[in-house]
Amino acid sequence: MKLFTGKTPSGLRVNVAIAEKGLDVPTQWLNVMEGETRTAEHLARNNLGEVPVLELDDGSYLTESIAICRYLDNLDSQTPLFGRDPLEAARIEMWTRRMEILICGPIADFGRHAFPLFKDRLEQIPAYAESLLRLQDKRWAWLDKELSDGRTFIVDDEFSIADIAGMTALLVSDFAQHPVPETLTHVQRWESAMRGRKGW
Ligand SMILES: N[C@@H](CCC(=O)N[C@@H](CS)C(=O)NCC(=O)O)C(=O)O
């Protein structure tokens with residue numbers, strides 16, 4: 001097994017999962033900004049030219065950060081990230097989708113419409129990008145209400161893949177220089193916990 005990853009929002013998910021589970025996975029780091037995911041060698045691993053990619057021992061490749069995390073999680077029963085029973089697994093799935101779609105969605109789309117990396121890949125619309133930052137603030141405010149019950153993590157008091165999914169939004173927010181509003185103390189509490197996790 002070999003992981004191809006980067007210091008990127010999606011790469012971070014797998015890096016954190018590996019660190020949390022204490023796995024030892026040989027890793028090759030690719031620099032996205034220097035185009036290392038767009039070489040013929042890497043396109044043969046993933047024709048979307050993205051990381052993370054996990055190469056399996058039979059020579060096949062697994063892509064998509066959450067799918068890779070699920071595979072790694074199933075390799076042992078230590079510190080399960082996807083839940084211990086059917087209901088817990090379903091609640092974690094529910095929240096992972098919410099974190100991906102509602103919380104990561106606007107800021108990731110902002111990046112596509114604002115970051116130079118994407119300028120030749122789509123028509124960037126600056127006004128749309130600005131509107132996505134306002135939407136992101138609304139989504140953080142929604143999450144703040146959800147977390148106002150005082151829970152440490154996204155699903156109850158157990159760190160899970162739902163937290164890892166949300167970390168992506170924090171890292172893209174760093175790149176966008178658009179932090180979580182200071183007034184959102186419950187999200188701030190969650191954010192501090194995330195930035196203190198292994199592998200961040
Ligand atoms: N849905 C994919 C997204 C992967 C992705 O967008 N990777 C980005 C880094 S966060 C990448 O490798 N980009 C390289 C490029 O666009 O050239 C996942 O979750 O793994």
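Note that the structure is predicted; figures quoted are calculated from it, not measured. Both counts, for ligands and for their atoms, begin at 1 and track the order of listing.
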Is the shortest distance from a Lys or Arg side-chain nitrogen in Glu130 or Arg134 to a carboxylate oxygen in the other one below 4.0 Å? no
Carboxylate-amine/guanidinium contact Asp156 Arg91, below 4.0 Å: yes
Side chains of His186 and Asp149: any donor to acceptor distance under 3.5 Å? no
Could you tell me whether Glu55 and Arg45 make a salt bridge, using a distance below 4.0 angstrom between a side-chain N and a carboxylate O? no
Does the plane of the ring in Trp140 sit parallel, tilted or perpendicular to the ring in Trp190? Use 30° and 60° as the thresholds. tilted
In a simple table, one pair per line, please give the protein and ligand 1 atom names for every N or O pair closer than 3.5 Å, along with the distance.
residue	atom	partner	partner atom	Å
ligand 1	1 (N)	Glu64	OE1	2.6
ligand 1	7 (N)	Val51	O	2.8
ligand 1	12 (O)	Val51	N	2.8
ligand 1	12 (O)	Val51	O	3.4
ligand 1	16 (O)	Arg38	NH2	3.0
ligand 1	16 (O)	Arg121	NH1	2.6
ligand 1	16 (O)	Arg121	NH2	3.4
ligand 1	17 (O)	Thr37	OG1	3.2
ligand 1	17 (O)	Arg38	NE	2.9
ligand 1	17 (O)	Arg38	NH2	3.2
ligand 1	17 (O)	Arg121	NH2	2.9
ligand 1	19 (O)	Ser65	N	3.3
ligand 1	19 (O)	Ser65	OG	2.6
ligand 1	20 (O)	Ser65	N	2.8

Report yes or no: is the cationic atom of Arg151 (NZ for Lys, CZ for Arg) under 6.0 Å from the centre of the six-membered ring of Trp95, at an angle within 45° of the ring normal? yes
